[in-house]
Amino acid sequence: MEEVLEALARTDPEAARIVEFYRGSDTSTLVREADRVCRGVHGDGVWIRGLVEFDNHCQRSCSYCGIRKDNANVRRFRLEPAQVVETVREGWNAGLKSFVLQGGEDPAYSVAMFREILDGIFSFAPAAAVVLSVGIRSKRDYKALREAGASRYLLRFETSDPVLHRLLRGGIPLSRRLRALADLREAGFEVGSGYMVGLPGETEQIRIANALLCRSLGLDMVGIGPFIPHPDTPLGNSFQEPIELAVRATALVRLLLPQANIPATTAAGSLHKAGREKLMAAGANVLMPNLTPGSVRKDYLLYPGKICLDESGLDCLRCLDVRTGLVNKVVRTGRGDSPSWTARQEGAKTSKSPLENPS
Ligand code: 5AD
Ligand code: FES
């Protein structure tokens, strides 16, 4: 670790100082500093994104994930584009302006189907921000999805350790994940990634490397959640690490990436009843109420003990309003583009970078 930090001090001295601070601080000191930095950039606002889990088919068998292909106990569903559009419409009518469409890695969900969804949404909500989270796809698909109007894409790298990554993700190398992130950036998306904390085999050094990778990727959004063992997976008997690891990770990423949008994840709220409040107090500034139709909600279980299975999207909105107030923050329902993304867009108008403006 010490050699890694010495090397980092030469290439990115600010990051090295932040990591030193993280290692030397107890959680309450770390959280206080991350909260100060978060409020300095984002104020007291917390962006609300409506989450629609529209498809639990997945061609992969990641060993941590409840909807892995090899889990025969899952009742599979794939919402029709029209159902996705109607679900988003309900959220839009409730005042939401940004929506995350999340699904497994499912080639049967074609670009044409996504186009139908996007056209449908923009017919009544031209100003909505649509965020996709549907795994690794071809560069050509990414370009087509961007051209169809999706503006952001979430693809967590899950763990930055190449050996652990390959083990957990059914042999797919970390480099493939990173290439997909580069493809997304090149296609013009506002890019989000992130990782789980507390995976079996993960060390403190890996946790620090995870946060540093987020910084070196220059992410606009970073999702961090505790790993929660799912009984129907090969990791079902793993140890459950406490929420504190996710709190510390969130604070570290906030210090390394002050401008990023960072959600207080549902996994944190599922592991601990005040998990989302703890992450908001440690620098998270986004919440994602679940709008998934009740008929399929219980079939999208990446981990056990998931919250909000019986509440409606509107119940969740009211609940989140209260929870946000508990940490002296307020919910906001705008698009909530990340400041780093907005700055890059402004910069691109004056100087064209080949990475961000492919010809
Ligand atoms: N515990 C916590 N998070 C999980 N995810 C998948 N499986 C689990 C689990 N068992 C996370 C992954 C994925 C995101 C959608 O959910 O990080 O990218
Ligand atoms: Fe869903 Fe609280 S956020 S019930």
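Numbering of residues begins at 1 and proceeds along the displayed sequence. Just follow the structure's listing: the first ligand is 1, and inside any ligand the first atom is 1.
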Check: R166 side chain, G170 main-chain N or O, donor-acceptor pair, under 3.5 Å:
no
Of all the non-hydrogen atoms in the protein, which one sits nearest to atom 16 (O) of ligand 1, and at what distance?
L302 CD1, 3.3 Å
Looking only at protein heavy atoms, which one is nearest to atom 2 (C) of ligand 1, and what is the separation?
P226 O, 3.1 Å
Below a 4.0 angstrom heavy-atom separation, can you tell me which part of H230, side chain or backbone, both or neither, approaches ligand 1?
neither
Do Y64 and ligand 1 have an N or O pair less than 3.5 Å apart?
yes
Under 4.0 Å, heavy-atom basis, I'd like to know which part of C62 is in contact with ligand 1: side chain, backbone, both or neither.
neither
Does E158 reach ligand 1 with a nitrogen or oxygen that is under 3.5 Å from one of the ligand's nitrogen or oxygen atoms?
yes
Would R36 and E33 pass as an ion pair if we require N to O under 4.0 Å?
yes
Is a side-chain donor-acceptor pair under 3.5 Å present for R297 with T292?
no
Is ligand 1 less than 4.0 angstrom away from at least one heavy atom of C65?
yes
Using distance alone, determine whether Q102 and ligand 1 share an N or O pair under 3.5 Å.
no
Any nitrogen or oxygen of I228, side chain or backbone, less than 3.5 Å from one on ligand 1?
yes
Identity and separation of the nearest protein heavy atom to atom 11 (C) of ligand 1
R156 NH1, 3.7 Å
Examine the side chains of D220 and N261 and answer whether a donor and an acceptor come within less than 3.5 Å of each other.
no
Got P304 and H230 here, is their nearest side-chain heavy-atom distance under 4.5 Å?
yes
For the residue pair W92 and F124, does the interplanar ring angle fall in the parallel (under 30°), tilted (30 to 60°) or perpendicular (over 60°) class?
perpendicular
Check D44 with R332, please: is the shortest side-chain N to carboxylate O separation under 4.0 Å?
yes
Any non-hydrogen atom of M196 lying under 4.0 Å from ligand 1?
yes
In plain terms, say whether R23 and E2 are close enough for a salt bridge, that is, a side-chain N and a carboxylate O under 4.0 Å apart.
yes
